Amino acid sequence: MNKYFPEVTKVVFEGKDSRNPLAFRYYDPQRVVGGKTMEEQLRFSMAYWHTLCGAGVDMFGSGTAVRSWGHLTKPMDIAKAKAEAAFEFMSKMQIPFFCFHDVDIAPEGETLEETFQNLDEIAALIKDLMKATGIKLLWGTTNLFTHPRFMHGAATSPNADVFAYAAARVKKTMEITKELGGENYVFWGGREGYETLLNTDLKLELDNLARFLHMAVDYAKEIGFTGQFLIEPKPKEPTKHQYDFDVAAVIGFLKTYGLEKYFKINIEANHATLAGHTFQHELRLARINGLLGSVDANQGDDLLGWDTDQFPTNIYTTTLAMYEILLNGGLAPGGLNFDAKVRRGSFEPIDLFYGHIAGMDAFAHGLLIAQRLLESRELEDFIAERYSSYRTGIGEKIVKGEVGFKELAQYALEHQEIKLTSGRQELLETILNRYMFAD
Ligand code: XUL
Ligand code: CO
């Protein structure tokens with residue numbers, strides 16, 4: 001496999017002193033960290049849409065990306081070349097998983113039948129490539145947002161024919177995901193939201209979204225698809241108000257509609273910051289609710305208010321993310337999917353390698369730091385001490401449900417001198433820096 005990216009051989013671990021830009025300085029797949037190999041802890045995945053389909057288009061300019069399959073003109077020839085290029089790329093990058101939308105791997109046909117036929121043909125090719133390389137499918141998903149028919153939503157469209165059409169497409173992608181041994185299936189509510197309440201039946205749209213997801217659960221049971229269902233929150237873009245706004249909104253939605261047993265959450269770093277949260281906040285909230293399923297690994301830009309989907313390079317963020325993931329006992333069957341694209345100006349094929357190396361090393365480095373931080377228990381012990389008043393006396397009674405307002409009022413009357421302790425934020429930030437820059 002040396003047809004599409006001949007300028008690169010295999011990217012391997014060379015250690016932190018290496019100056020080879022096509023080597024890993026931290027990602028050492030077989031190194032054991034926290035009882036598992038880095039490969040098992042990190043479960044890296046390539047996003048088919050950005051890496052194979054991203055053309056470098058933006059609101060003001062056309063595609064810039066130079067790709068070795070760029071001379072092809074027939075949609076199915078392009079799809080086949082992209083599939084081969086994808087597996088050559090992942091093999092050279094040592095990326096063990098990939099994720100796709102249906103339309104990423106095969107072109108839409110004139111009719112639904114033709115679309116399905118195209119999908120079957122490319123899925124068969126992908127299945128062979130998976131077998132030949134050992135690369136696995138982390139998740140599949142359906143693109144229910146690009147085509148004009150989804151302008152008002154898919155499962156939340158006011159038009160029932162669109163709801164039915166979306167169901168047909170999800171049904172097919174789920175079948176292909178099962179056929180390829182996919183470990184998860186993602187729902188990102190691309191256009192499931194609204195622009196204005198002046199034309200929106202909010203209650204019906206939310207009820208319909210839940211109906212759609214229940215149908216997906218039923219169909220998975222029917223065909224024996226046992227992958228984990230995931231919802232990916234995002235607060236805005238493309239619609240002004242997305243229904244899956246953030247982890248808190250998704251938890252409320254899942255519980256309201258009795259879906260929490262069937263779904264976990266796929267948390268994307270850039271979506272977290274767009275919602276006004278840190279990535280760690282979203283991971284923590286999902287984790288403590290037993291709903292942390294998988295991660296779309298990327299980062300936004302503090303100065304821009306949209307989803308820039310950059311490769312993650314901020315080691316503070318990757319460290320605190322890996323801290324949550326380690327406390328979660330890992331992500332499996334989820335993983336770290338690089339929902340990230342190279343900048344429009346990074347138009348050469350080799351930039352795809354630099355982008356993924358940057359992201360993989362940032363997470364591997366973050367894993368090493370997070371593991372040391374956890375083993376030291378410095379933060380855990382501080383937090384335990386900070387809440388120690390709930391382990392004895394009146395605090396213990398509160399936690400055990402043994403007192404109510406009457407007893408607490410009596411207690412307060414008898415203990416009017418309250419002694420507070422410092423939160424020590426600056427000290428804790430210094431401790432974190434000690435781990436960040438230990439090597
Ligand atoms: C869009 C986004 C999607 C989902 C899959 O912001 O993140 O690519 O990850 O549909
Ligand atoms: Co995403």
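No experiment lies behind these values; they were computed from the predicted model shown. Counting starts at 1 for both ligands and their atoms, following the listed order.
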Out of curiosity, [X] [atom1] to [Y] [atom2], how far, rounded to the nearest 0.5 Å?
{"X": "Leu230", "Y": "Tyr185", "atom1": "CG", "atom2": "OH", "value": "11.0 Å"}
{"X": "Glu348", "Y": "Thr64", "atom1": "CD", "atom2": "OG1", "value": "10.5 Å"}
{"X": "Thr177", "Y": "Met174", "atom1": "OG1", "atom2": "CE", "value": "8.0 Å"}

- prompt: Can you tell me the angle formed at the Co ion (ligand 2) by OD2 of Asp296 and OE1 of Glu268, to 10°?
  reply: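 About 100° at the Co ion (ligand 2).
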- request: To the nearest 10 degrees, could you say what angle the Co ion (ligand 2) makes with OE2 of Glu232 and OD2 of Asp339?
  value: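 Once rounded, the angle between the two atoms at the Co ion (ligand 2) is 160°.
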- prompt: Of the options His50, Glu268, Gln310, which is the one that meets Asn298 in a side chain to side chain donor-acceptor pair (under 3.5 Å)?
  reply: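 That would be Glu268.
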- prompt: Judged by atom type as modelled, is there a donor-acceptor pair below 3.5 Å linking the side chain of Gln41 to the main-chain atoms of Gly330?
  reply: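 No, the answer is negative, given that no donor and acceptor are paired below the 3.5 Å cut-off.
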Worked verdict on Asp102 versus Lys172 for salt bridge (Lys or Arg N to Asp or Glu O under 4.0 Å): CA-CA 9 Å; Asp102 52 354; Lys172 182 68 181 175; over 6 Å; no
task: Only one of Tyr27, Phe24, Phe44 passes side-chain contact (heavy atoms from CB on, under 4.5 Å) with Met93; say which it is.
output: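 Answer after filtering Tyr27, Phe24, Phe44: Phe24.
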State whether the shortest distance between N or O atoms of [X] and N or O atoms of ligand 1 falls below 3.5 angstrom.
{"X": "Asp309", "result": "no"}
{"X": "His101", "result": "yes"}
{"X": "Glu232", "result": "yes"}

query: With a cut-off of 4.0 Å, which atoms of ligand 1 are near a heavy atom of Asp307?
result: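 Close to Asp307: 6 (O).
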message: Using a 4.0 Å cutoff against the non-hydrogen atoms of Asp296, which atoms of ligand 1 qualify?
response: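 With Asp296 as reference, the close atoms of ligand 1 come out as 9 (O).
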- request: Look at ligand 1 and say whether Asp339 reaches it with a heavy atom at a distance under 4.0 Å.
  value: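 Yes, that is the case, since the closest heavy atom of the residue is under 4.0 Å from the ligand.
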task: Would you please determine whether Glu237 falls within less than 4.0 Å of ligand 1 on a heavy-atom basis?
output: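 Checking ligand 1 against Glu237, which is what was asked, there is no heavy-atom contact under 4.0 Å.
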message: Let me check your reading of the structure: within less than 2.8 Å of the Co ion (ligand 2), is there an N/O/S atom from Asp309?
response: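 No, since none of the N, O or S atoms of Asp309 sits under 2.8 Å from the Co ion (ligand 2).
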